[in-house]
Amino acid sequence: MVGNTVDLDNPTPEQRAQAISDLRAKLSAEENDYCSDLDIWRFSVARQLDADKSAAMFKEWYLWRKSSGIDDLPVAQATNQYPVPYPIRGYSSVADANLTAGVMVKEYQLKVNKYFGGGCWHKRDKDGHPVYIERIGRYQIKDIPRKCSMGELFEYHYLMQEFLSRTVFPECTQLAGRDVSQQVVIFDLAGISIGMLSHIPALNMLREMLAKDQLYYPECMFKTY
């Protein structure tokens, strides 16, 4: 199946099922058991329903998760007491909270949040997608590359993405009565300056982080404002 014959934003059930079947046929039994049809569909869409390219992308993702211990990250959920990695408001699976110091919060999390923080998950849009407000003007942009390593930034960001995938999306899915696997991001530009936009070391770090998102968390963005 090729993507130019399918409306990827509105496929028929048959087209979606065929794409999922095509990709699953190229995966091992272990890989198939590891993922949901929703995971398969995201990788299929990311590579325009080219099953070979989607399989290559999926296998890289699978190996990365296993080798990096992503499944073992301390993700806050209703069934545990792990702290939220970022401020959140308006969800029932976790209480409204900010990231604060505590026995289960690592020092690097507080450090990255201090210089890179400012955002918040805030309820849902009318279609049930979680809304994330990114307050870029609150970044201490020059301190990010000076005081945070790339490894710390990645680990913090992956924890946020896993929280979104394992906690926020499932609650939104349950409330909407359909699969919800994409978020709305609102960029609040209050307080932003030209100097922030031209600080190359920090921008390079953010660019690398976004590149990893495209590889490991594809098709998770619904709209940006």
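Quick caveat: nothing in here was measured; it's all calculated off a predicted structure.
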> Any side-chain heavy atom of L153 within less than 4.5 Å of one from H157?
Replying inline: no
>> Under the ring pair (Phe, Tyr, Trp, His ring centres under 6.0 Å) test against F58, which residue among W41, Y34, F43 passes?
In response: F43
> Can you tell if the side chain of H199 reaches within under 4.5 Å of the side chain of I144, non-hydrogen atoms only?
Replying inline: no
> So S93 and Q77, side-chain hydrogen bond (donor to acceptor under 3.5 Å, both in side chains) or not? Walk me through it.
Replying inline: CA-CA 6 Å; S93 52; Q77 296 179 294; over 6 Å; no
>> With heavy-atom distances below 4.5 Å as the criterion, would you say the side chains of R135 and C120 are in contact?
In response: yes
> Is the Y225-F187 ring centre distance short of 6.0 angstrom?
Replying inline: no
> Who else is in V103's hydrophobic cluster (ILVMFWY, side-chain heavy atoms under 4.5 Å, direct or via others)?
Replying inline: Y82, M104
> For Y108, which residues count as a side chain to side chain donor-acceptor pair (under 3.5 Å) partner, sequence neighbours excluded?
Replying inline: E155
>> Restricting to non-hydrogen atoms, name the atom on R16 and the atom on D179 that form the minimum distance, rounded to 0.1 Å.
In response: NH2-OD2, 3.8 Å
>> Would you call the rings of Y216 and W64 parallel, tilted or perpendicular, taking 30° and 60° as the class edges?
In response: parallel
> Just by modelled atom types, is the C220 backbone N or O under 3.5 Å from a matching donor or acceptor in the Q183 side chain?
Replying inline: no
> With ring centroids as reference points, do F163 and Y86 lie under 6.0 angstrom apart?
Replying inline: no
> Should E31 and S28 be marked as a side-chain hydrogen bond (donor to acceptor under 3.5 Å, both in side chains) after you check the CA-CA gap, both sets of side-chain angles, and the distance that decides it?
Replying inline: CA-CA 5 Å; E31 290 166 338; S28 68; 3.3 Å; yes
> Is the distance between the ring centroids of W61 and Y217 under 6.0 Å?
Replying inline: no
